[in-house]
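Labels below follow one simple rule: chain letters A, B, ... track the order of the sequence lines, proteins then strands, and each chain is numbered from 1. Here the structure is a predicted model, which means the values were calculated and not measured.
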There are 2 protein chains.
Amino acid sequence: MKDRKKTIAGLKPLPQQGRSEQVIKALAKFIDRQKMVPGDRLPPERDLAEALGVARTSIREAVSQLAALGILEPRIGSGTFLLRTITSDTVYMPLSLDTDGLEDLLLKALEVRRGIEVEASIAAAKRRTEEDLHRMEAALLHMESLFKPEGGSGPADLAFHLSIYDAAHNPLFRQLLEQFRDLFQRFWTRPYGRPDFASNSFPYHRTLFEAIRDQDPHKAEQETRKLLNSVEDDIRMMKP
Amino acid sequence: MKDRKKTIAGLKPLPQQGRSEQVIKALAKFIDRQKMVPGDRLPPERDLAEALGVARTSIREAVSQLAALGILEPRIGSGTFLLRTITSDTVYMPLSLDTDGLEDLLLKALEVRRGIEVEASIAAAKRRTEEDLHRMEAALLHMESLFKPEGGSGPADLAFHLSIYDAAHNPLFRQLLEQFRDLFQRFWTRPYGRPDFASNSFPYHRTLFEAIRDQDPHKAEQETRKLLNSVEDDIRMMKP
DNA sequence: TTTGGTAATAGGTCTGACCAATTTGAAGGA
DNA sequence: TCCTTCAAATTGGTCAGACCTATTACCAAA
């Protein structure tokens with residue numbers, strides 16, 4: 001097989017890169033330069049198109065992709081808003097889960113989530129700073145102060161766990177686990193008349209905090225497993 | 001506030017909102033129904049637009065988003081091709097990371113991957129059947145029979161790990177870990193002149209197999225950690 | 001058989017228009 | 001003054017048609 005590539009010396013391979021890709025780069029640089037934070041609004045598509053010298057179609061293509069990646073959120077009539085900050089060096093790694101025909105989706109998803117959650121606790125125990133500790137403790141105390149312990153759900157519980165993810169100092173943990181929690185919230189039909197549902201995991205929150213405070217990765221793993229095993233029991237008991 | 005909507009009885013309000021979302025659903029159903037596999041080509045955008053009764057813009061919007069998620073790959077002049085199969089029930093969890101370089105990206109991704117991989121090994125140790133065991137052993141023997149141990153890369157190594165994921169009897173493990181491996185393959189630039197690269201993890205493959213064979217979840221976790229810690233060392237050593 | 005060119009195919013971009021939801025702000029009434 | 005009401009401006013969503021560029025298929029000539 002002869003090599004038909006005619007690589008003539010001194011001839012550029014020709015840029016050829018697509019418009020929408022360039023626009024994404026430009027938007028990323030703009031967001032970075034403007035120090036935009038989540039919640040900020042981007043300029044209108046028409047203005048961006050004119051400023052970059054491209055058609056609105058190309059702007060929309062780029063915005064559409066960034067929206068699919070969870071970076072931007074266009075709202076009709078309001079504008080396009082930033083959900084997560086990015087820079088020109090941001091790397092995207094989209095994951096997808098096929099839940100079709102998956103029985104016991106919650107249990108199977110929880111198993112994967114447990115692995116990630118355990119690793120996050122281990123990382124938090126290794127890397128937590130004093131500042132992380134303060135935030136975790138504040139969230140824990142607020143959660144414990146509520147009359148009815150919320151256990152495995154509710155904003156106070158969420159805040160505590162988010163503080164752990166942040167203490168791991170690996171943003172992937174928070175991003176992934178937030179989406180796993182969304183998945184649970186979407187398929188979790190909380191049984192009526194049981195306000196104490198998913199509260200068995202309550203005591204493990206403090207022991208987990210203590211493990212991370214003491215920088216004991218092994219104990220952090222154990223307590224996280226106890227916590228999630230308790231959630232697993234609740235899911236199993238939920239079934240009709 | 002009066003209702004000015006002229007809702008004529010018998011006329012459907014027609015969800016004009018979210019065309020691209022509808023198109024994505026339709027495409028997912030189509031791909032599912034046609035039993036398309038990675039590498040297959042989708043119908044031309046113009047045909048899809050006509051078939052669905054929407055403008056090509058809406059088709060492009062949907063394709064653009066699916067491309068950003070790594071599902072489709074449009075090639076100029078050739079057509080749009082399927083990279084990963086999806087169904088109507090696929091959930092997407094895109095991640096993004098601002099990295100301080102390649103090493104940082106790989107280490108952060110490996111940390112998450114380790115959590116999932118550990119949990120998969122534990123599940124495999126608990127649930128593996130005799131049949132799983134046969135497949136795992138065959139893959140292990142084939143891998144060991146190669147003159148140069150491949151260690152953390154290569155098709156033989158991949159086959160062994162896939163057999164473990166399957167032995168966990170939770171399809172989410174394989175789905176997620178395959179995508180993590182894709183990521184590593186994409187950014188992992190194997191250094192020249194080091195054919196034995198990433199081979200330090202080689203001996204742990206057998207010990208991991210034995211742990212799963214003996215249905216020892218704790219040992220399976222330990223061996224998996226050793227294996228991935230070895231990979232971590234390789235990444236750290238990768239620096240120029 | 002190989003080469004070279006032409007037409008058909010298919011994604012990429014552009015233009016301009018209109019639709020629908022939201023926001024804004026001024027007119028009007030309590 | 002304060003609030004309601006409503007029309008206009010703003011902004012993202014969709015549509016239509018055209019043209020460009022890259023790829024592929026096919027056919028004719030050497």
Legend entry - Heavy-atom pair with the smallest gap, counting every atom of B:Arg84 and A:Pro94: NH2-O, 4.2 Å

Inset, instruction - Please tell me which of the listed nucleotides, C:dC14, C:dA10, D:dT11, lies nearest to the side chain of A:Arg41? - result: D:dT11

Legend entry - Value in whole Å for how far the C1' atom of D:dA16 lies from CD of B:Glu45: 15 Å

Inset, instruction - Could you tell me whether A:Arg135 and A:Asp132 make a salt bridge, using a distance below 4.0 angstrom between a side-chain N and a carboxylate O? - result: yes

Inset, instruction - Check B:Met36 against B:Thr85 and note the closest heavy-atom contact, atom names and distance. - result: O-CG2, 3.2 Å

Inset, instruction - Would you give the length of the straight line joining atom OG1 of A:Thr129 to atom NE2 of A:His134, rounded to the nearest 0.5 angstrom? - result: 8.5 Å

Legend entry - Residues B:Asp166 and B:Ser163: side-chain donor-acceptor under 3.5 angstrom: no

Inset, instruction - Scan residues 66-74 of chain B against DNA chain C and write down, sorted by residue number, each residue with any heavy atom closer than 4.0 Å; if none is found, say none. - result: B:Pro74

Legend entry - CZ-CD1 distance between A:Arg19 and A:Ile24, expressed to the nearest 0.5 angstrom: 14.0 Å

Inset, instruction - Would you kindly give the CG-to-C1' distance between A:Leu48 and D:dG13, to the nearest whole Å? - result: 16 Å

Restricting both atoms to N or O, compile the protein contacts to nucleotides 17-19 of chain D shorter than 3.5 Å, with distance only.
none

Legend entry - For atom CD1 of B:Ile59 and atom C1' of D:dG13, their distance in whole Å: 15 Å

Inset, instruction - Please state how far atom CD in A:Glu50 lies from atom C1' in C:dT15, giving the value in whole angstrom units. - result: 14 Å

Legend entry - Contact summary for A:Phe184 and A:Leu106, nearest pair of heavy atoms: CZ-O, 3.6 Å

Legend entry - B:Arg75 vs C:dA10: side-chain N/O to OP1/OP2 distance below 4.0 Å: no

Inset, instruction - Under the salt bridge (Lys or Arg N to Asp or Glu O under 4.0 Å) rule, what do B:Asp100 and B:Lys108 come out as? Steps first, then yes or no, please. - result: CA-CA 11 Å; B:Asp100 303 331; B:Lys108 284 186 163 56; 5.8 Å; no

Legend entry - Nearest-0.5 Å distance, CG of residue B:Leu95 to OG1 of residue A:Thr90: 12.5 Å

Inset, instruction - Rounded to the nearest angstrom, tell me the gap between atom CD1 in A:Ile24 and atom P in C:dT13. - result: 11 Å

Inset, instruction - With heavy atoms under 4.0 Å as the rule, sort A:Val54 into base, sugar-phosphate or nothing. - result: sugar-phosphate

Inset, instruction - Evaluate the ring planes of A:His161 and A:His205, with Trp represented by its six-membered ring, and classify them as parallel (under 30°), tilted (30 to 60°) or perpendicular (over 60°). - result: perpendicular

Inset, instruction - Establish, with yes or no, whether the OP1 or OP2 oxygen of C:dT13 is under 4.0 angstrom from a side-chain nitrogen or oxygen of A:Arg60. - result: no

Legend entry - Overall bend - the helix from C:dT1-D:dA30 to C:dA30-D:dT1, comparing terminal axes fitted on five pairs, nearest 10 degrees: 0°

Residues 45-60 of chain A, side-chain donor-acceptor partners within the protein, below 3.5 Å, at least two apart:
from, atom 1, to, atom 2, distance (Å)
A:Glu45, OE1, A:Arg56, NH1, 2.7
A:Glu45, OE1, A:Arg60, NH1, 3.3
A:Glu45, OE2, A:Arg60, NH1, 3.0
A:Arg60, NH2, B:Glu61, OE2, 3.0

Inset, instruction - Return the value, rounded to whole Å, for the distance between atom CZ of B:Arg19 and atom P of C:dC18. - result: 19 Å

Inset, instruction - Nearest whole angstrom, please: distance from the C1' of C:dA10 to the CD1 of B:Ile76. - result: 10 Å

Inset, instruction - Give a yes or no answer on whether the side chain of A:Gln175 reaches the backbone of B:Ser96 with a donor-acceptor pair at less than 3.5 Å. - result: yes

Legend entry - Approximate separation, where rounding is to 0.5 Å, of A:Met143 CE and A:Asp157 CG: 4.5 Å

Inset, instruction - Could you list by number each residue of residues 77-86 of chain B showing a heavy-atom separation from DNA chain D of less than 4.0 Å, or answer none if no residue does? - result: B:Gly77, B:Ser78

What pairs of donor and acceptor atoms, side-chain ones from residues 63-72 of chain B against any protein atom, are under 3.5 angstrom apart with sequence neighbours left out?
from, atom 1, to, atom 2, distance (Å)
B:Ser64, OG, A:Gln65, NE2, 3.1
B:Gln65, NE2, A:Ser64, OG, 3.1

Inset, instruction - May I have the distance from A:Leu42 (atom CG) to D:dG12 (atom C1'), rounded to whole angstrom? - result: 13 Å

